[in-house]
Structures are given as structure tokens and as C-alpha cells.
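In what follows, a single structure is set out as C-alpha cells and then discussed.
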Amino acid sequence: MREGTCYPLSILDDHSRYAVGLYALPRFTAEAVQGCLVETFQCYGVPEAMLLDHDPLWWSNSNGYGLTWLAVRLIQQGIRLHYGRVGHPQTQGKVERFHRTLDEALQHEGRPQQWAEWGPALARFRHCYNHVRPHEALGMQRPVERYRPSARRYQPQPAEWEYPEGSEVQRLNSQGCLDDGGDRWFVCEALAGERVRIERFDGRLLVSYRHMYVREIDRCR
């Protein structure tokens, strides 16, 4: 648009197609996206799992083994993270179809050219998409007819995670590494200073953070 570029952030419920969040952002940064996610969680509850693509917000190619600090924040809310296959957009088919519908609606009504117009335009679309427009994939139901908010509440300060009794637990150093009998193994920089669980088997270390496995280390290499 004349005043810059708008980056729509969409957050969809997989079962109902209900758009729990649709935000206009001037730039796609982790800080901006986190604010939108917190607002959505506070309104609709925290989901059990999220399906993500390999955008640098969620998946780091430079930080080692995927996790970014934003992904870690999601794990701390008890969310299981699932990543689509690289180069397979069909994994996110519902989201791709949502974006196509959004694009068609904006073309029909006229794409906003000023920032002040984007909020109301996306709010109108989201209301129509959730409450008015029937979906063939839902048996011609509207998303609002199938959607139920999550009962899990957002925790601004997540409690310390309690690993099973008897677990081998270690706090990673400032580089995201663990020490193992004089050997130092890199786990993930985004988890620097966090407590992880270590399971040993067949010369390997299986590292989990809270409820998710995050790294398998072959000690023989």
C-alpha cells in the first residue's frame, strides 16, 4: 500500500476453521507476533497443540535444532508444537485456503491503502468468515457453530516444570549446552539457562524440555 506493507497474521482453529485471530502487522517480528498470540490466548484460551511452518519466527536455521525463543514461549504454555514438512504447503492447506479467501474478499471490497483501514477491514472479514459464511468442508456449517474455546488459561508466569521423580535433570549453560562427564553437548541456544531432562540409551542422550523432546545426541560421534 502507499504507507508501506501489511503482513496479516492469521490464527485458525483446525477443527472448526474458526479464525481466533487476524491481525495487521507492519512487520513480521517475534515481538509483534507474541503480542498477538498472548491476546488471542487470553481471549480464547491456550490450545493443546499448534501446527507451524518453518518461518524463522517458529523455526531457526541458525539457532540450532529448530527452536526459537518464541517457540519456547509456546512450549512454556504447555502447547505441543508440530511443524509441517519443508516444501509441502499442503500440510497447511486450511491456512492456505483461508488466505486465498481473505485475498479474494479484499480484492472484491477494495484493498486498504492506509493503515487506519486495515483493522476494520480485517474485523469485517473475520466476522463474516466465522459467523456468516458457510463452509463446504464443514457440511455447510459456519465455523462459529463448531468452535469451542479452550478451557486452558494463559499463564503470564508459567510455573517451574516438574519432571518425573528420579529423572536426570540439568540446567543448560548460557550457550544452550549440557555437560556430560567432561563432554559438552550443544542442545539449543533458545533454551539457554533452562532445565532439561536427559534420558540415556544405546550410547545416546535424549533431551526433553518440559513436555517435548527437543534433541537426540549420539555420544559415539
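Just so it is clear, the model here is predicted, and its values are computed rather than measured.
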(request) For Asp179, enumerate each residue passing the salt bridge (Lys or Arg N to Asp or Glu O under 4.0 Å) test, keeping only those at least two apart in sequence or located in another chain. (result)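 For Asp179, the residues satisfying salt bridge (Lys or Arg N to Asp or Glu O under 4.0 Å) (neighbours in sequence not counted) are Arg184.
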
(request) Just jot down the salt bridge (Lys or Arg N to Asp or Glu O under 4.0 Å) partners of Glu165, sequence neighbours excluded, or say none. (result) none

Min side-chain heavy-atom separation [X]-[Y] under 4.5 Å:
{"X": "Val20", "Y": "Leu12", "value": "no"}
{"X": "Asp14", "Y": "Lys94", "value": "yes"}
{"X": "Trp115", "Y": "Pro26", "value": "yes"}
{"X": "Leu25", "Y": "Cys36", "value": "yes"}
{"X": "Asp218", "Y": "Leu205", "value": "no"}
{"X": "Phe125", "Y": "Leu106", "value": "no"}
{"X": "Arg2", "Y": "Gln114", "value": "yes"}

Can you give me the closest heavy-atom contact between [X] and [Y], atom names plus distance?
{"X": "Val46", "Y": "Phe41", "result": "CG2-CB, 4.1 Å"}
{"X": "Ala49", "Y": "His82", "result": "CB-CD2, 3.8 Å"}
{"X": "Leu57", "Y": "Leu70", "result": "O-CB, 3.8 Å"}
{"X": "Leu138", "Y": "Arg17", "result": "CD2-NH1, 4.0 Å"}
{"X": "Arg142", "Y": "Arg133", "result": "CG-O, 3.8 Å"}
{"X": "Thr68", "Y": "Pro56", "result": "CG2-O, 3.4 Å"}

Can you confirm whether the side chains of [X] and [Y] place a donor and an acceptor under 3.5 Å from each other?
{"X": "Tyr23", "Y": "Thr40", "result": "yes"}
{"X": "His15", "Y": "Arg146", "result": "yes"}
{"X": "Tyr209", "Y": "Gln76", "result": "yes"}
{"X": "Arg197", "Y": "Ser208", "result": "no"}

(message) With a 4.0 Å cut-off on N to O distance, would you call Arg200 and Glu168 a salt bridge?
(response) yes

(message) Looking at Arg210 and Glu194, is there a salt bridge between them, counting it only when a charged N and a carboxylate O are closer than 4.0 Å?
(response)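 Salt bridge between Glu194 and Arg210, a charged N being under 4.0 Å from a carboxylate O: no.
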
(message) One pair to check against side chain to side chain contact (heavy atoms under 4.5 Å, CB included): Trp185 and Val207. What are the steps and the verdict?
(response) CA-CA 11 Å; Trp185 302 98; Val207 183; over 6 Å; no

Roughly how far, to the nearest 0.5 Å, is [atom2] of [Y] from [atom1] of [X]?
{"X": "Asp53", "Y": "Glu96", "atom1": "CG", "atom2": "CD", "value": "8.5 Å"}
{"X": "Glu145", "Y": "His131", "atom1": "CD", "atom2": "NE2", "value": "11.0 Å"}
{"X": "Ser10", "Y": "Arg126", "atom1": "OG", "atom2": "CZ", "value": "11.5 Å"}
{"X": "Leu178", "Y": "Arg215", "atom1": "CG", "atom2": "CZ", "value": "8.5 Å"}
{"X": "His135", "Y": "Arg97", "atom1": "NE2", "atom2": "CZ", "value": "9.0 Å"}
{"X": "Gln34", "Y": "Leu74", "atom1": "CD", "atom2": "CG", "value": "8.5 Å"}

Is a side-chain N or O of [X] found less than 3.5 angstrom from the main chain of [Y], in a donor-acceptor match?
{"X": "Asn173", "Y": "Gln175", "result": "yes"}
{"X": "Arg171", "Y": "Gly193", "result": "yes"}
{"X": "Asp55", "Y": "Trp58", "result": "no"}
{"X": "Asn130", "Y": "Pro143", "result": "no"}
{"X": "Arg152", "Y": "Pro47", "result": "yes"}
{"X": "Ser16", "Y": "Tyr18", "result": "yes"}
{"X": "Arg100", "Y": "Val95", "result": "no"}
{"X": "Gln77", "Y": "Gln155", "result": "yes"}
{"X": "His211", "Y": "Ile79", "result": "yes"}
{"X": "Arg27", "Y": "Cys6", "result": "no"}

(request) Give me the ring orientation class for Trp161 and Tyr163: parallel if the planes are under 30° apart, tilted from 30 to 60°, perpendicular past 60°. (result) perpendicular

(message) Between Trp118 and Arg111, is the side chain to side chain contact (heavy atoms under 4.5 Å, CB included) condition met? List the steps.
(response) CA-CA 9 Å; Trp118 272 102; Arg111 193 180 303 275; 4.2 Å; yes

Would you say [X] has more than 12 foreign heavy atoms packed within less than 6.0 Å of its [atom1]?
{"X": "Gln157", "atom1": "CD", "value": "no"}
{"X": "Glu104", "atom1": "CD", "value": "yes"}
{"X": "Tyr7", "atom1": "OH", "value": "no"}

(request) Determine, step by step, whether Leu22 and Leu9 satisfy the side chain to side chain contact (heavy atoms under 4.5 Å, CB included) criterion, reporting the C-alpha distance in whole Å, the side-chain angles of both residues, the deciding distance to 0.1 Å, and the verdict. (result) CA-CA 6 Å; Leu22 183 58; Leu9 172 68; over 6 Å; no

(message) Between Leu206 and Ile198, does the side chain to side chain contact (heavy atoms under 4.5 Å, CB included) criterion hold? Intermediate values first, please.
(response) CA-CA 6 Å; Leu206 193 59; Ile198 304 166; over 6 Å; no

(request) Check whether Tyr213 and Leu172 end up in the same hydrophobic cluster, where Ile, Leu, Val, Met, Phe, Trp and Tyr are linked by side-chain heavy atoms less than 4.5 Å apart. (result)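 Per the 4.5 Å side-chain linkage, Tyr213 and Leu172 are not co-clustered.
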
(request) Please test Phe98 against Tyr129 for ring-ring contact (aromatic ring centres under 6.0 Å, His included), starting from the C-alpha separation and ending with a verdict. (result) CA-CA 9 Å; Phe98 174 84; Tyr129 184 88; 4.8 Å; yes

